[in-house]
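I have placed the structure first, in the form of C-alpha cells, so that the comments after it can refer back to it.
Along the sequence shown, residues are numbered consecutively beginning with 1.
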Amino acid sequence: METINIIHSPKYVNQKVRIGVWVSNKRSSGKIAFLELRDGTAFFQGVVLKNDIGEEKFKEATELRQETSLYVTGEIHEDSRSKFGYEIQIEDFEVVGESNDYPITPKEHGIDFLLDHRHLWLRSSKPNALMKIRSEVIHACYDFFYSREFTKFDAPILTGSAPEGTTELFETDYFGQNAYLSQTGQLYGEAGAMALGKIFTFGPTFRAEKSKTRRHLTEFWQIEPEMAWYHQDESLELQEQFVAYLVQSVIDNCPQELEVIGRDVDTLKKYTQLPYPRISYDDAISLLQDNGFDVKWGIDFGSPEETFLANHFDKPVFVMNYPKDIKAFYMQPHPTRDDLVICADLLAPEGYGEIIGGSERSADYDYIVGRLKETGQDLSNYTWYLDLLKYGPVPHSGFGMGLERFLTWITHEDHLRENIPFPRMLHRLEP
Ligand code: 4AD
Ligand code: MG
C-alpha cells in the first residue's frame, strides 16, 4: 500500500492508500462520520462507516478533535458532490498527535484574534490558498527573469545608506556603527547590472513607516530587476510583460486556490492584455482636476487619486515622469523639463494603487553628487555607488515590485497582511 498526498488522489481511484493528515472539521450521525482532512496539499473528506470500521473505532472517530494528526488508510473514491472531486473511505486510522482545545474553530473570528494566532491560522483553507498563490507567483518571477537571461543577484540587508529617504529607516547598531535594514536592493542591483548586464534582486526590504494603512507592511518582499543599457521605454515594456506573465501563471496554475478565495478569473484575464495604458504625471493631474479632485501639480498621489486613475482605465496604468522633488535622487532628469524625472509608477485597478515603482537611472556623476547633496544625504555613504558612475557608466533602468502589493491585488484582499506568512506592521511583531 502506498503512502500518498491528498492532491494525488485522482491517480489512486479505487485503490487502498495511506495518508498523513490533520482533522480540520467533522460531523457525524449514528452510522456515518465525515472527517474533513487536510495534509497541506489539499483538503478532502474522509468517510467513516460504523459497519465497516466497528463500533469502538467509530466512536473514536466521532471523538477526534480538531487538528489531531492521523494516519488514515482506505480506498480513494470519486466524490462528484465535493469541489475536490475525491474522498477516502476510511478503513482504519491511527492517531499520531493529539490536539486539545484548538483555538481557531470553524466559527467566525475577528482579524486581531486570527493574526495573534497566525502560526495556526495558516492551516485554514483561505490562508492556505493565499500562501500557495504567493509561492506560485515567486516561482513565476524566477521563471520570467531566468527565461530572459537575467542573473539573480542578492543585495545585502544590513546597509549604511537610505536611498528611498531618511524618514523610514530601521536603525540598528552594527558593532558601534549605525546600520539600517535595507529599504531597497536597487543600488547594489545597479552594481550587479554593471557586472552582469541584467540582474534581479528578490528579498525582504524594510520601511519604518508609522502608517497603519492597508497597503503598508514594515517588512515586505521586493523584486528589483536592473538592466544595463536599457532606457525607460524598454523597461516599461518589460514591466508590463512581467505583470501579465505573473497574472497568467496564477490563472493557469492556481485555479483551485482562486476558487477558494472567490477571485473572478475573467477580471484577471483582462490584465493579461497588453499594452497597459500610459499617462504622464502632468496629464494625470489634469484628469484628476477635471474629475473634481483638489490636487495641485507637484503633489504625490494618495490612495484616492491612485484608485481613481487606475479605475479610469480599468487596467494597470503607468503614470510617467513625476516631479523631481517627490522622487528619489538616482532618477534620470527629463531631457527638456528640468522639473521632471524619467520614471513611472504602475497603478493597479480595483483600488490597489502602486504595485511597481521604477525609473531610468542617471549615469551622470556630477548630477548625482548634486542630487545627493540636495536631498541631504551624506556623500561618504555613497562612495562605492559613485564609483559606478566613474568607471564606464552606461544608461540603465530598473524597477521594484512589492510582492505583497501585487498579490493583494491579484487575490482581491483588503489588506496586505494576509499575503505574507507572518506580517510585520506598526503594532505587530508577533508571532
Ligand atoms: O516605490 P519604491 O519605494 O521604490 C523603490 O524602492 C525603488 N528602489 C525600486 C527600484 O526602482 N528598484 O518601492 C517599490 C515597490 C512599490 O511600488 C510597492 O509595490 C512596494 O515596493 N512597497 C511596499 N510594499 C509594502 N509595504 C510597503 N511599506 C511598501 N513600500 C513600497
Ligand atoms: Mg514608489
Salt bridge between Glu226 and Arg361, side-chain N to carboxylate O under 4.0 Å? yes
If only side-chain N and O atoms count, and only distance matters, is there a donor-acceptor pair under 3.5 Å linking Gln248 with Asp252? yes
Any salt bridge linking Glu240 with Lys315? Criterion: basic side-chain nitrogen under 4.0 Å from a carboxylate oxygen. no
Have Tyr330 and Gln186 got a donor and an acceptor in their side chains that come within less than 3.5 Å? yes
Rounded to the nearest 0.5 Å, what separation is found between the CD1 atom of Ile19 and the NE2 atom of His8? 11.0 Å
Please assess Arg118 against Glu418 for the test salt bridge (charged side-chain N to carboxylate O under 4.0 Å, His left out), listing each intermediate value before the final yes or no. CA-CA 9 Å; Arg118 182 63 170 168; Glu418 290 187 46; 5.4 Å; no
Could Lys11 and Glu2 be called an ion pair, given the rule that one side-chain N must be under 4.0 Å from one carboxylate O? no
Taking 4.0 angstrom as the limit, do Arg123 and Glu67 come out as a salt bridge? yes
Hey, are Asp154 and Lys152 close enough for a salt bridge, meaning a charged N less than 4.0 Å from a carboxylate O? yes
Heavy-atom pair of closest approach, residues Leu217 and Pro423: CD2-CB, 4.2 Å
Paired with His396, the side-chain hydrogen bond (donor to acceptor under 3.5 Å, both in side chains) test is passed by just one of Lys198, Glu190, Gln332, namely Glu190
How long is the straight-line distance from CG of Asn419 back to CG of Leu130, given to the nearest 0.5 Å? 5.0 Å
If you draw a 6.0 Å radius around NE2 in His119, do more than 12 non-hydrogen atoms from other residues or ligands fall strictly inside? yes
If you measure from the Lys or Arg side-chain nitrogens to the Asp or Glu carboxylate oxygens, is any gap between Asp338 and Lys324 under 4.0 Å? no
Rounded to the nearest 0.5 angstrom, the OH-CD1 distance for Tyr86 and Ile76 is 10.0 Å
Does Trp229, at its CH2 atom, have more than 12 non-hydrogen atoms belonging to other residues, nucleotides or ligands within less than 6.0 Å? no
Taking only residues two or more places apart in sequence or in another chain, which ones pass side-chain hydrogen bond (donor to acceptor under 3.5 Å, both in side chains) with His412? Glu350
Minimum heavy-atom distance between Tyr367 and Met331, given as atom pair plus value: CE2-O, 3.6 Å
Look at the rings of Phe318 and Tyr276 and say which category their plane angle falls in: under 30° parallel, 30 to 60° tilted, over 60° perpendicular. tilted
Just wondering, are more than 12 heavy atoms of other shown residues or ligands nearer than 6.0 Å to CG in Asp266? yes
Phe43 versus Ser124, closest heavy-atom pair with distance: CZ-C, 4.0 Å
Nearest heavy-atom pair of Ile199 and Ala193: which atoms, and what distance? CG1-N, 3.9 Å
Here the pair of heavy atoms bringing Ala310 nearest to Ala348 is CB-O, 3.2 Å
To the nearest 0.5 Å, atom CD of Glu98 lies from atom OG1 of Thr68 at 6.0 Å
Are Tyr102 and Trp22, when compared by the centres of their aromatic rings, separated by less than 6.0 Å? no
Is the centre of the Phe301 ring less than 6.0 Å from the centre of the Phe293 ring? no
Check against side-chain hydrogen bond (donor to acceptor under 3.5 Å, both in side chains), His231 and Glu360: CA-CA 6 Å; His231 291 287; Glu360 185 158 338; 2.8 Å; yes
Evaluate whether atom NZ of Lys270 has more than 12 neighbouring non-hydrogen atoms of other residues, nucleotides or ligands under 6.0 angstrom away. yes
Regarding Asp345 and Lys327, does a basic nitrogen lie under 4.0 Å from an acidic carboxylate oxygen? yes
Within 6.0 angstrom of Asn100 CG, more than 12 heavy atoms from elsewhere: yes
More than 12 heavy atoms of other residues, nucleotides or ligands under 6.0 Å from OH of Tyr142: is that the case? yes
What's the verdict on side chain to side chain contact (heavy atoms under 4.5 Å, CB included) for Leu122 and Met131, showing C-alpha distance, side-chain angles and the deciding distance? CA-CA 8 Å; Leu122 289 164; Met131 289 303 106; 4.0 Å; yes
side-chain hydrogen bond (donor to acceptor under 3.5 Å, both in side chains) between Ser380 and Asp378, intermediate numbers included: CA-CA 5 Å; Ser380 66; Asp378 185 349; 2.9 Å; yes
Please say whether more than 12 non-hydrogen atoms of neighbouring residues, nucleotides or ligands are located less than 6.0 Å from CZ in Phe170. yes
Start with the C-alpha gap between Thr3 and Arg18, add the side-chain angles, then the distance that decides, and say whether side-chain hydrogen bond (donor to acceptor under 3.5 Å, both in side chains) holds. CA-CA 4 Å; Thr3 300; Arg18 180 171 93 135; 3.2 Å; yes
Say whether Asp282 and Ser280, considering side chains only, have a donor N or O and an acceptor N or O under 3.5 Å apart. no
Report the distance from atom CZ of Phe93 to atom CG of Leu37, rounding to the nearest 0.5 Å. 10.5 Å
Rounded to the nearest 0.5 Å, what separation is found between the OG1 atom of Thr201 and the CZ atom of Phe145? 9.5 Å
Which atom pair, heavy atoms only, marks the closest approach of Ile251 to Leu258? CA-CD1, 4.1 Å
Report yes or no: is the cationic atom of Arg148 (NZ for Lys, CZ for Arg) closer than 6.0 Å to the six-membered ring centre of Phe144, at no more than 45° off its axis? yes
Closer than 4.0 angstrom, basic N to acidic O: yes or no for Glu413 and Arg214? no
Arg134 bridged to Glu257 by N-O distance under 4.0 Å: no
Give a yes-or-no answer on whether the side chains of Glu224 and Thr184 include a donor-acceptor pair shorter than 3.5 Å. yes
